[in-house]
*Asks:* 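Take this structure, written in structure tokens, and hold onto it; I'll ask about it next.
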Amino acid sequence: MTRYRSEFLREIAARGFVHQCTDEDGLDAALAEGRPRAAYIGFDCTADSLHVGSLVPIMLLRWLQRAGHKPIVLMGGGTTKVGDPSGKDESRQLLDEAQIARNMAGIKGVFAKYLVFGDGPTDAVMANNADWLDALAYIAFLREYGRHFSVNRMLGFDAVKLRLEREQPLTFLEFNYMVLQAYDFLELARRNDCLLQMGGSDQWGNIVNGVELARRVDGRSIFGLTSPLITLASGAKMGKTAAGAVWLNADRLAPFDYYQFWRNTDDPDVGRFLRLFTELPLTEIDRLAALAGAEINDAKRVLAVEATRLCHGNAAAEDADRRARAVFGAGDDSAVPLVVDVSALPAEGGTIAISALVTAAGFAKTNSEARRLIEGGGVFVDDAPTTDAFARIAPTASGIVLRVGKKRRARIVRHD
């Protein structure tokens, strides 16, 4: 990884962020010139919070700023009205203006935790692509920019090809998304002298389109870089759990539950996640990743503290760590349970059948199987045995601990 001259590329390559780049040598030379260069990542406003699946791009922007460059956070106030087909088997739900505005307000605060905003040369700025996309005249836009896009080539991009191969409908509205994203890059290059667009590997086709559009229309040399899509060792998609998304906003997921998500990382993922989601020195990460047996839990605790510190601050991280050790102990990995939010489950008088809780925690495939476990004496609620398969429990925001056998635990929470 020492072949890079620029600090930014050296750091992110060593940490596993780099998947593809349109021109590594050219980008490296531009970033090593000794002056701040601007780079952007776009975030569509499909929910009122981002989840941990967005942490890789957020951390990329953070490392960019630490290396002395200027991050641009592009809010997709315009592109959210279209919907990105990348990685989707069906069209996204179309949101109205009010919903998009509410979602944008909800996610803006996330970036203030990771980036320094201001008017300085390396201070981050936030833009909204609705500022230029909403004003486009359709026919004039097609004549000026549409002629630079080959439909034959667009059909070959993964986002389109996969939908067609699966015989899932792709609307003309969605097909326009990649054209609009390419135009975003051109617009930011013109407005902010933006050099680089970054994103997940599923955005490669969209990013390449922007690079080529700028070259054809303005003769600009700009660059694209993608990071690998992150999956867990189990094969599950990063950011999703049985209980739902792992949100970055504290009003959607409490800092303690956020800590618990990282504390329950599978052993094979610990070293990789320390590199991607903390700022610990690589030598320290190598030491932690080499721990084996019960000692790997020390590395998981460090990961949980450091990831929570970045997202929610020092006080919240230390409080979550203190609470976890007090409630669950500092022993082996079985002491720290999975956190399962059952707010979406139907409740009667605030209570839920214990068999439904066992199933929701993933300890049984069906409620019938859960009832057999309970009747067999294998289920404990707050370490008290229960054999009543039809008992009802009232989970609270602070949670109850559900245990099956000696090691499988889940903290069941419900937010009113």
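The first residue of the sequence shown is numbered 1, and numbering continues consecutively from there.
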*Asks:* Quick one: does Thr22's side chain have a donor or acceptor within less than 3.5 Å of a partner on Gly224's backbone?
*Replies:*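 Yes, the answer is positive, given that a donor and an acceptor are paired below the 3.5 Å cut-off.
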
*Asks:* For Ala47, what residues pass the side-chain contact (heavy atoms from CB on, under 4.5 Å) criterion, not counting sequence neighbours?
*Replies:*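 Scan of Ala47 (side-chain contact (heavy atoms from CB on, under 4.5 Å), adjacent residues dropped) gives Trp247.
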
*Asks:* Please report the C-alpha distance between Tyr4 and Glu11 in whole Å, then the side-chain angles of each, then the deciding distance to 0.1 Å, and finally whether the side-chain hydrogen bond (donor to acceptor under 3.5 Å, both in side chains) criterion is met.
*Replies:* CA-CA 9 Å; Tyr4 295 115; Glu11 189 69 48; over 6 Å; no

*Asks:* Take Leu55 and Leu276 through the side chain to side chain contact (heavy atoms under 4.5 Å, CB included) test and state the conclusion after the steps.
*Replies:* CA-CA 9 Å; Leu55 270 183; Leu276 291 171; over 6 Å; no

*Asks:* Atom CZ of Phe223 and atom CG of Leu196: how far apart are they, to the nearest 0.5 Å?
*Replies:*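 Here the interatomic distance stands at 8.5 Å.
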
*Asks:* Find out whether Phe261 and Thr308 are in side-chain contact, i.e. whether some heavy atom of one side chain is under 4.5 Å from a heavy atom of the other.
*Replies:*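 No, every pair of side-chain atoms sits at 4.5 Å or beyond.
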
*Asks:* First locate atom CD1 of Ile12, then atom CE of Met198, and finally report the distance between them rounded to the nearest 0.5 Å.
*Replies:*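 Going from CD1 on Ile12 over to CE on Met198, the span is 7.0 Å.
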
*Asks:* Got a sec, which pairs hit ring-ring contact (aromatic ring centres under 6.0 Å, His included) with one end in residues 95-114, sequence neighbours left out?
*Replies:*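 Listed once each, the pairs are Phe43-Phe111.
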
*Asks:* With a 4.5 Å heavy-atom cut-off, do Glu306 and Leu274 have their side chains touching?
*Replies:*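 The answer is no; the side chains never approach within 4.5 Å.
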
*Asks:* Of all residues at least two apart in sequence or in a different chain, which pass the side-chain contact (heavy atoms from CB on, under 4.5 Å) check with Leu133?
*Replies:*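 Thr79, Asn129, Leu136, Leu180, Tyr183, Asp184.
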
*Asks:* Do Ile393 and Thr386 have side chains that approach each other closer than 4.5 Å (heavy atoms only, starting at C-beta)?
*Replies:*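 No, too far: nothing below the 4.5 Å cut-off.
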
*Asks:* Just jot down the side-chain contact (heavy atoms from CB on, under 4.5 Å) partners of Ala98, sequence neighbours excluded, or say none.
*Replies:*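 Counting only residues at least two positions away or on another chain, Ala98 forms a side-chain contact (heavy atoms from CB on, under 4.5 Å) with Asp96, Arg102.
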
*Asks:* Which atom pair, heavy atoms only, marks the closest approach of Asp119 to Asp123?
*Replies:*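 Nearest pair, atom of Asp119 first, then Asp123: N-OD2, 3.3 Å.
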
*Asks:* Side chains of Phe380 and Val404: does their closest heavy-atom pair fall under 4.5 Å?
*Replies:*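 No, side chains not in contact.
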
*Asks:* Under the rule for side-chain hydrogen bond (donor to acceptor under 3.5 Å, both in side chains), what residues qualify as partners of Asn192, not counting sequence neighbours?
*Replies:*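 side-chain hydrogen bond (donor to acceptor under 3.5 Å, both in side chains) list for Asn192, sorted by chain: empty.
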
*Asks:* Which pairs pass ring-ring contact (aromatic ring centres under 6.0 Å, His included) with one or both residues in residues 291-320, sequence neighbours excluded?
*Replies:*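 For residues 291-320, and leaving out neighbouring residues, the ring-ring contact (aromatic ring centres under 6.0 Å, His included) pairs sorted by first residue read Tyr258-His312.
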
*Asks:* I'd like to know whether Asp28 forms a salt bridge (charged side-chain N to carboxylate O under 4.0 Å, His left out) with Arg3, so could you lay out the CA-CA distance, the side-chain angles of the two residues, the decisive distance to 0.1 Å, and finally the verdict.
*Replies:* CA-CA 10 Å; Asp28 187 39; Arg3 66 187 180 90; over 6 Å; no

*Asks:* Would you say Arg190 and Arg220 make side-chain contact, with heavy atoms under 4.5 Å?
*Replies:*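 Of all side-chain heavy-atom pairs linking Arg220 with Arg190, at least one is under 4.5 Å.
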
*Asks:* Between the side chains of Glu212 and Arg216, is the shortest nitrogen-to-carboxylate-oxygen separation below 4.0 Å, so that they form an ion pair?
*Replies:*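 Yes, this pair counts.
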
*Asks:* Looking at Asp298 and Arg301, is any side-chain nitrogen of the basic one under 4.0 Å from a carboxylate oxygen of the acidic one?
*Replies:*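 Looking at Arg301 and Asp298, the cut-off is not met.
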
*Asks:* Do Val208 and Gln20 come within less than 4.5 Å of each other through their side chains, counting heavy atoms only?
*Replies:*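 Not in contact.
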
*Asks:* Counting only N and O atoms by type, is there a donor-acceptor contact under 3.5 Å from the side chain of Arg10 to the main-chain atoms of Arg5?
*Replies:*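 Checked: pair present.
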
*Asks:* I need the minimum non-hydrogen distance between Ile354 and Asp388, along with the two atoms involved.
*Replies:*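 So the two residues come closest at CG2-O, 3.8 Å.
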
*Asks:* Heavy atoms only: give me the nearest Thr122-Gln65 pair and the separation to one decimal.
*Replies:*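 So the two residues come closest at O-NE2, 2.8 Å.
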
*Asks:* Distance from Arg392 atom CZ to Glu348 atom CD, nearest 0.5 Å?
*Replies:*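 One finds 4.0 Å between CZ of Arg392 and CD of Glu348.
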
*Asks:* Nearest 0.5 Å please: distance from the CH2 atom of Trp132 over to the CG atom of Asp134.
*Replies:*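 Between atom CH2 of Trp132 and atom CG of Asp134 there are 11.0 Å.
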
*Asks:* Do Lys113 and Ile58 have side-chain heavy atoms sitting under 4.5 Å apart?
*Replies:*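 A side-chain contact is absent here, since even the closest heavy-atom pair is not under 4.5 Å.
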
*Asks:* State whether the side chain of Thr226 and the backbone N or O of Trp204 hold a donor-acceptor pair below 3.5 Å, judged by distance alone.
*Replies:*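 Checking the backbone N and O of Trp204 against the side chain of Thr226, no donor-acceptor pair under 3.5 Å is found.
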
*Asks:* Which heavy-atom pair separates Ala316 from Pro255 by the least distance, and what is that distance?
*Replies:*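 Result for this residue pair: CB-CB, 4.0 Å.
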
*Asks:* In Å, rounded to the nearest 0.5 Å, how long is the span from CD1 of Ile412 to CD1 of Ile352?
*Replies:*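 Taking CD1 in Ile412 and CD1 in Ile352, the distance rounds to 8.5 Å.
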
*Asks:* Determine, stepwise, if the pair Arg15 / Met59 fulfils side chain to side chain contact (heavy atoms under 4.5 Å, CB included).
*Replies:* CA-CA 11 Å; Arg15 289 179 176 268; Met59 291 300 293; over 6 Å; no

*Asks:* Could you tell me which non-hydrogen atom of Leu95 sits nearest to which non-hydrogen atom of Asn103, and how far apart they are?
*Replies:*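 For Leu95 versus Asn103, the nearest heavy atoms are CD1-ND2, 3.5 Å.
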
*Asks:* Are the side chains of Arg66 and Glu279 in contact, using a 4.5 Å heavy-atom criterion?
*Replies:*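 Yes, at least one pair of side-chain atoms sits under 4.5 Å.
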
*Asks:* Determine the minimum heavy-atom distance between Val56 and Ser227, stating which atoms define it.
*Replies:*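 Closest pair (atom of Val56, atom of Ser227, distance): CG1-OG, 3.4 Å.
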
*Asks:* May I have the step-by-step check of side chain to side chain contact (heavy atoms under 4.5 Å, CB included) for Tyr259 and Asp319, ending in yes or no?
*Replies:* CA-CA 10 Å; Tyr259 171 101; Asp319 177 68; over 6 Å; no

*Asks:* Backbone N or O of Leu64 within a donor-acceptor pair of the His69 side chain at under 3.5 Å?
*Replies:*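 Here the side-chain-to-backbone pair does not exist.
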
*Asks:* Once rounded to the nearest 0.5 Å, what's the spacing between atom CG of Leu357 and atom CG of Asn367?
*Replies:*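 Rounded to the nearest 0.5 Å, the CG-CG separation comes out at 9.5 Å.
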
*Asks:* Taking Asp44 for the side chain and Thr46 for the main chain, is one N or O donor matched with an acceptor at less than 3.5 Å?
*Replies:*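 Judged by distance alone, no pair lies under 3.5 Å.
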
*Asks:* Under 4.0 Å between a Lys/Arg side-chain N and an Asp/Glu carboxylate O for Arg275 and Asp286?
*Replies:*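 Counted as a salt bridge, because a side-chain N and a carboxylate O are separated by less than 4.0 Å.
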
*Asks:* Would you confirm whether Lys81, through its side chain, and Gly76, through its main-chain N or O, come within 3.5 Å as a donor-acceptor pair?
*Replies:*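 Pair absent, no side-chain N/O of Lys81 close to backbone of Gly76.
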
*Asks:* Take Gln203 and Gln197 through the test side chain to side chain contact (heavy atoms under 4.5 Å, CB included) and record every step on the way to the result.
*Replies:* CA-CA 10 Å; Gln203 295 297 313; Gln197 182 186 359; 5.5 Å; no

*Asks:* Salt-bridge test for Glu284 and Arg287: reply yes if a basic N is under 4.0 Å from a carboxylate O, no otherwise.
*Replies:*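 Yes.
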
